[in-house]
Chemist: 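First the structure, which I've put down as structure tokens, then a few questions once you've had a look.
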There are 2 protein chains.
Amino acid sequence: MRSALRVFRDILREKGLKFTKQREALAKKIFSTRSHFSAQDIYESLKDKVQISRATVYRTLNLLVENHIIEEHDFGKGKKFYEFILGLESHNHLICLKCGKIEEFKSDLIEKVVDEIARDRNFRVSRYSFNVYGYCSECQEELFKNERKR
Amino acid sequence: MRSALRVFRDILREKGLKFTKQREALAKKIFSTRSHFSAQDIYESLKDKVQISRATVYRTLNLLVENHIIEEHDFGKGKKFYEFILGLESHNHLICLKCGKIEEFKSDLIEKVVDEIARDRNFRVSRYSFNVYGYCSECQEELFKNERKR
DNA sequence: CTGCGTGCAAACTGTTTGCATACGC
DNA sequence: GCGTATGCAAACAGTTTGCACGCAG
């Protein structure tokens with residue numbers, strides 16, 4: 001399978017867009033990161049290595065989203081999170097309301113539910129998001145400790 | 001069953017908070033609205049009837065969310081949407097990417113999936129959101145018409 | 001050498017907050 | 001009257017945009 005970087009490069013060429021130092025650095029960073037990150041995270045981790053601006057980070061992230069190389073998530077924290085998805089199976093998220101940790105999980109049943117509702121309502125699905133909010137096991141322990149202190 | 005307004009009033013009294021003209025107007029508006037609205041929608045629909053400010057709208061919406069009378073949703077449109085939930089069954093959303101219409105649907109299977117993953121991962125669930133994005137049947141027709149025109 | 005990409009700063013959107021005043025309880 | 005709620009404007013966070021310059025193809 002072609003590397004993600006190669007895919008990105010091909011898309012750029014195809015559309016007459018340019019493969020710049022900034023796009024290369026950002027893409028490499030993202031393709032080697034197996035987690036959820038914000039625009040700010042990316043900017044922070046690149047700004048000392050390449051000359052890059054926040055504006056370029058936002059523009060490039062949007063470019064990657066439009067081309068389905070990364071996915072945008074809204075976990076209700078007032079900012080967007082992104083995640084590399086090219087060639088990966090889709091999955092869902094468990095978001096801890098205390099520590100902010102994001103775990104992933106898969107479920108074939110969910111796929112079925114989506115297919116079913118799409119058929120029922122004659123809805124053409126492009127994507128879906130299934131987020132479960134609550135407390136991860138570590139944070140539950142914390143909460144329990146604090147409760148005993150009182 | 002007590003009316004939603006009554007519930008709200010009781011919560012306020014219990015917490016030593018006040019039942020003001022603004023809170024009353026906002027609550028009545030929301031309790032009589034069976035759809036998804038933004039803070040701006042509420043402000044617009046009230047500003048000519050009561051003296052109310054955007055700040056108060058935001059503060060009151062947050063108060064209602066904290067007390068589980070309304071629910072906050074993030075459909076990735078850059079602003080929050082709210083929905084009256086008190087005493088209603090939870091449900092999921094179909095969001096049309098073209099016209100913005102929001103349809104609702106229920107699914108017992110989803111509940112099962114949530115319970116299962118919570119048990120597996122020892123995750124204490126507070127809430128979940130399941131949003132399906134795509135094109136509603138009307139908008140698919142539109143798209144089809146436009147395609148034939150070309 | 002053409003025109004897309006970049007950095008910068010300003011603009012923008014939705015939301016929150018500090019403060020003096022108003023008003024429920 | 002006490003203390004919470006309000007309106008206003010300013011502050012804020014994240015993101016987008018206009019413009020002059022830079023650089024990939």
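Per chain, numbering begins at 1; letters A, B, ... match sequence-line order. Since we're looking at a predicted model, the values are computed, not measured.
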Chemist: Round to the nearest Å and state the distance from A:L64 atom CG to D:dT15 atom P.
Modeler: 15 Å
Chemist: So do the side chains of A:L26 and A:V50 get within less than 4.5 Å of each other, counting heavy atoms only?
Modeler: no
Chemist: Can B:R127 and B:E71 be counted as an ion pair, charged N to O under 4.0 angstrom?
Modeler: no
Chemist: Can you see if the side chain of A:K21 gets near the phosphate of D:dG22 - specifically, an N or O under 4.0 Å from OP1 or OP2?
Modeler: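 For A:K21, the contact criterion (side-chain N or O under 4.0 Å from OP1 or OP2 of D:dG22) is not met.
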Chemist: Tell me whether B:K112 is salt-bridged to B:D115, with the criterion being a basic N under 4.0 Å from an acidic carboxylate O.
Modeler: no
Chemist: To the nearest Å, give me how far apart CD1 (B:I52) and P (D:dG7) are.
Modeler: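 These atoms are roughly 6 Å apart.
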Chemist: For D:dT16 and A:Y58 - does any side-chain N or O of the residue sit under 4.0 Å from the phosphate oxygens OP1/OP2?
Modeler: no
Chemist: Could you tell me the separation between the NZ atom of A:K79 and the C1' atom of D:dC12, rounded to a whole number of Å?
Modeler: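 So the NZ-C1' distance, A:K79 to D:dC12, works out to 14 Å.
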Chemist: I want to confirm an ordering. Mapping A:R9 and B:Q51 to their closest nucleotides on DNA chain D, which one lands closer to the 5' end?
Modeler: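 Its nucleotide being nearer the 5' end, the pick is B:Q51.
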Chemist: Could you work out which one of D:dT15, D:dT16, C:dC25 sits closest to the side chain of A:A39?
Modeler: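 Out of D:dT15, D:dT16, C:dC25, the nucleotide with an atom closest to A:A39's side chain is D:dT15.
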Chemist: Consider the side chain of B:S53, meaning its heavy atoms from C-beta on, and name the nucleotide among D:dG7, D:dT15, C:dT15 that approaches it most closely.
Modeler: D:dG7
Chemist: What is the distance, rounded to the nearest whole Å, between atom CD of A:E24 and atom C1' of D:dA24?
Modeler: 13 Å
Chemist: Return yes if the base of C:dG24 and the side-chain atoms of B:R23 contain a donor-acceptor N/O pair under 3.5 Å, otherwise no.
Modeler: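 Counting by modelled atom types and ignoring angles, no donor-acceptor contact under 3.5 Å is found here.
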Chemist: Is it the case that the base of D:dG3 and the side chain of B:K18 share a donor-acceptor contact (distance under 3.5 Å, atom types as modelled)?
Modeler: yes
Chemist: Return no unless some side-chain N or O of B:T20 is found under 4.0 Å from OP1 or OP2 of D:dT6.
Modeler: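 Answer is yes, contact under 4.0 Å.
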Chemist: Figure out the CG/C1' separation between B:L17 and D:dA5, and round it to whole Å.
Modeler: 10 Å
Chemist: Return the 5'-most residue of the pair A:A55, B:R54 with respect to DNA chain D, ranking by each residue's nearest nucleotide.
Modeler: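 Result: B:R54.
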Chemist: Rounded to the nearest 0.5 Å, what separation is found between the CD1 atom of A:I117 and the CZ atom of A:F123?
Modeler: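 These two atoms lie 9.5 Å from each other.
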Chemist: If I take atom CG in residue A:L63 and atom C1' in nucleotide D:dT17, what distance separates them, rounded to the nearest angstrom?
Modeler: 17 Å
Chemist: Taking the side chain as C-beta and beyond, is there a heavy-atom pair between A:N92 and A:V132 under 4.5 Å?
Modeler: no
Chemist: Checking contacts here: which listed nucleotide (D:dG7, C:dT16, D:dG18) is nearest the side-chain heavy atoms of B:Q22?
Modeler: D:dG7
Chemist: Establish, with yes or no, whether the OP1 or OP2 oxygen of C:dG7 is under 4.0 angstrom from a side-chain nitrogen or oxygen of A:T56.
Modeler: yes
Chemist: Are any of the side-chain heavy atoms of B:F84 and B:I69 separated by less than 4.5 Å?
Modeler: yes
Chemist: Rounded to the nearest angstrom, tell me the gap between atom CZ in B:F81 and atom P in C:dT13.
Modeler: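 After rounding, the reported distance stands at 15 Å.
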Chemist: Starting at the 5' end of DNA chain C, which residue's closest nucleotide do you reach first, A:T60 or B:Q40?
Modeler: A:T60
Chemist: Rounding to an integer number of Å, can you tell me how far A:L12 CG sits from C:dG5 C1'?
Modeler: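 Computing the A:L12:CG to C:dG5:C1' distance gives 11 Å.
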Chemist: So does B:R13 reach the base of C:dG24 with its side chain, donor to acceptor, closer than 3.5 Å?
Modeler: no
